[in-house]
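Here's the structure, in structure tokens; my notes come after.
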Amino acid sequence: MKIVGLTYDLRTDYQFKDGDPEDANAEFDHPSTIDVIAAAIEANGFKVERIGNAENLLEKLASLKAEIVFNISEGLSGRNRESQVPILLEMAGIPFVGADALTLGLTLDKVMAKKIFIAEKIPTPKFFEVSSPAELINTNHHKFPLIVKPRFEGSSKGLSESSRVETKDELARQVDYIINTYKQPALIEEFIAGQEFTVALVGNDPVEVLPVVQIKIDGKLKLNNKFYTFARITSDRLEYICPAKITQELKKKIDELALKTYKAVECRDFGRVDFRVDNEGRPYVLEINPLPSLSTEDVFKLVAENTGITYEQMIGKILNSAFKRYNLN
Ligand SMILES: Nc1ncnc2c1ncn2[C@@H]1O[C@H](COP(=O)(O)OP(=O)(O)O)[C@@H](O)[C@H]1O
Ligand SMILES: [Mg+2]
């Protein structure tokens, strides 16, 4: 029986430090998610070797039995955190599921990713970046409302109701908060009112674009000023609707952009693209996640079931895409 290694970061392993925001461990998985993914890999006829995080991998690297590693590790901090496990595996010559270190670093850093989107003519909200609060004094050209995000985080880290700003004072306060709390530059974007969607993709050649998922917040699809905050993720005010209630025309635009984005940053095996669509029906790519959550509460289970397969079969599809890529089957 083939052995599949599993690399991950557990929420329960994270030690909170003084000054950490409450969402410091938001990117990490619950132990139950790891159990569910391990069980799904086993349901596809493999044995699972649980490895743990990058440090655990480093200790076990020479004695690993796994033929391939299913990597969902987020890493501890910095824009290269998601690249740490992949680069160790690449150095050791061990095949792994999912994007490589370059793609993970490029996309975790939203400013770098947006530069690629612009070069590839993928629509993305207009933006600027601020590394120190003093820089704001000279910037007068922006049009409110804006949204202030950390430059390299995920899981809506750093996002609260105060992230959407309408005045210079609010902007300065929020930029200051992001820089000081998350120890990184602030990414400031024009705020796109309207609707929100996310699209999961699986495979390589060909890539399968899965049904569009629409985000409903507080029972509404027309979101206007509402957006995905850290607090909302952990509440029941957020729902996923699949398939999205949209016209064929908009679906076609979103599908094409999702695929173009996946290819532009060289995603592999699976990924997820987040969109806002303005009130004129124009889609904007917010970001691409080459390491999207596979938790059963997230969208992968939902889209699997929407296409008539189980969660376990979806995990099998992702794994098989990697096997095929390495000519392992
Ligand atoms: N430019 C924007 N306009 C409107 N809402 C936004 C914008 N950027 C982010 N958001 C909201 O914030 C959420 C998180 O932003 P995103 O860029 O996807 O970062 P991440 O998911 O990595 O935390 C989005 O799902 C969306 O609800
Ligand atoms: Mg997102």
Side-chain angles (χ1 to χ4, degrees), residues 21 23-28 74-75 79 81-82 104-114 117-118 122-129 142-166 171 174 178 181-182 184-201 212-218 220-235 237-241 244 254 258 261 265 271-280 282-293 295 298-300:
D23 58 9
N25 67 353
E27 288 271 89
F28 305 149
E74 293 281 343
R79 66 178 179 179
R81 60 181 166 81
E82 292 183 349
L104 288 164
L106 177 72
T107 54
L108 187 61
D109 185 331
K110 291 188 170 77
V111 169
M112 296 297 262
K114 284 170 81 78
F117 300 162
I118 292 163
I122 293 165
T124 187
K126 287 200 191 79
F127 76 103
F128 63 102
E129 183 198 354
H142 34 264
K143 228 174 80 206
F144 292 104
L146 298 166
I147 184 166
V148 185
K149 312 193 257 191
R151 180 171 162 176
F152 36 83
E153 294 298 347
S155 305
S156 289
K157 277 173 81 169
L159 293 180
S160 67
E161 299 302 331
S162 335
S163 306
R164 181 181 171 283
V165 297
E166 291 186 349
L171 172 63
Q174 201 58 20
I178 291 295
T181 312
Y182 294 89
Q184 57 187 285
L187 161 61
I188 299 129
E189 288 184 347
E190 59 178 347
F191 185 88
I192 311 294
Q195 297 173 283
E196 180 159 340
F197 303 92
T198 191
V199 182
L201 302 100
V212 178
V213 174
Q214 185 161 11
I215 317 295
K216 197 175 192 178
I217 301 176
D218 294 340
K220 298 220 161 52
L221 291 175
K222 234 178 163 325
L223 301 183
N224 291 323
N225 296 340
K226 295 183 205 290
F227 59 99
Y228 221 120
T229 58
F230 173 70
R232 283 207 170 101
I233 294 186
T234 45
S235 75
R237 290 158 63 195
L238 197 137
E239 279 171 76
Y240 296 123
I241 310 293
I254 291 179
T261 310
V265 299
R272 207 193 74 222
V273 185
D274 292 347
F275 291 89
R276 291 286 286 202
V277 175
D278 70 13
N279 289 323
E280 277 75 56
R282 285 182 298 238
Y284 296 84
V285 172
L286 298 181
E287 59 152 354
I288 177 158
N289 301 287
L291 202 58
S293 168
S295 149
D298 219 289
V299 301
F300 268 86

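Read the numbers this way: they start at 1 and go in the same order the structure lists the ligands and their atoms.
Side-chain contact between Ile254 and Val277: present, with at least one pair of heavy atoms (C-beta onward) separated by less than 4.5 Å. The side-chain heavy atoms of Val285 and Phe275, taken from C-beta on, include a pair separated by under 4.5 Å.
Of the heavy atoms in Ala193, none comes closer than 4.0 Å to ligand 1. Counting heavy atoms closer than 4.0 Å to ligand 1, residue Lys110 contributes side-chain atoms (C-beta onward) but none from N, CA, C or O. Contacts between Pro125 and ligand 1, counted as non-hydrogen atom pairs separated by less than 4.0 Å, involve the side chain only.
Taking every heavy atom of both residues into account, Ala113 and Thr107 meet most closely at CB-CA, 4.1 Å.
Summarising the contacts of atom 12 (O) of ligand 1 with Leu286, Thr229, Leu159, the nearest heavy atom is found in Leu159.
Summarising the geometry, atom CZ belonging to Arg164 is positioned 12.5 Å from atom CD belonging to Gln174; distances are rounded to the nearest 0.5 Å. To the nearest 0.5 Å, atom CG of residue Leu146 and atom CD of residue Glu166 are 10.0 Å apart. Atom CG of residue Asn279 and atom CG of residue Asn224 lie 6.0 Å apart, to the nearest 0.5 angstrom. One finds the CG atom of Asp218 at 10.0 Å from the CD atom of Glu239 (value rounded to the nearest 0.5 Å).
Ranking the protein heavy atoms by distance from atom 3 (N) of ligand 1 puts Ile192 N, 2.8 Å first. For atom 21 (O) of ligand 1, the closest non-hydrogen atom of the protein is Glu287 OE2, 2.9 Å. Regarding atom 23 (O) of ligand 1, its nearest protein heavy-atom neighbour is Ser156 N, 2.6 Å. In terms of protein heavy-atom proximity, atom 9 (C) of ligand 1 is nearest to Lys149 NZ, 3.3 Å. Protein heavy atom at the shortest distance from atom 10 (N) of ligand 1 is Ile147 CD1, 3.6 Å. Of all protein heavy atoms, the one closest to atom 24 (C) of ligand 1 is Glu196 OE2, 3.4 Å. Here the heavy atom of the protein found nearest to atom 11 (C) of ligand 1 is Phe227 CB, 3.7 Å. The protein heavy atom nearest to atom 13 (C) of ligand 1 is Tyr228 CB, 3.5 Å.
Using cut-offs of 30° and 60° for the angle between ring planes, the Tyr228 and Tyr240 rings count as tilted.
Using a 4.0 Å cut-off between a side-chain N of Lys or Arg and a carboxylate O of Asp or Glu, Arg276 and Asp278 do not qualify as a salt bridge. Electrostatic pairing of Lys110 and Glu129 does not count as a salt bridge here, judged by no charged N lying under 4.0 Å from a carboxylate O. A salt bridge does not link Glu190 with Lys143: every distance from a Lys NZ or Arg NE/NH1/NH2 to an Asp or Glu carboxylate oxygen is 4.0 Å or more.
Residue contacts with ligand 1 do not include Arg164, since none of its heavy atoms lies under 4.0 Å from the ligand. Contact analysis puts Glu190 in contact with ligand 1, with a non-hydrogen atom separation below 4.0 angstrom.
Ligand 1 places these atoms under 4.0 Å from at least one heavy atom of Glu153: 22 (O). Listed by number with element, the atoms of ligand 1 under 4.0 Å from a non-hydrogen atom of Gly154 are 20 (P), 22 (O), 23 (O). Interface atoms of ligand 1 facing Glu189, defined by a heavy-atom separation under 4.0 Å, are 1 (N), 2 (C), 7 (C), 8 (N).
Distances from the Mg ion (ligand 2) under 2.8 Å pick out these protein N/O/S atoms: Asp274 OD2, Glu287 OE2.
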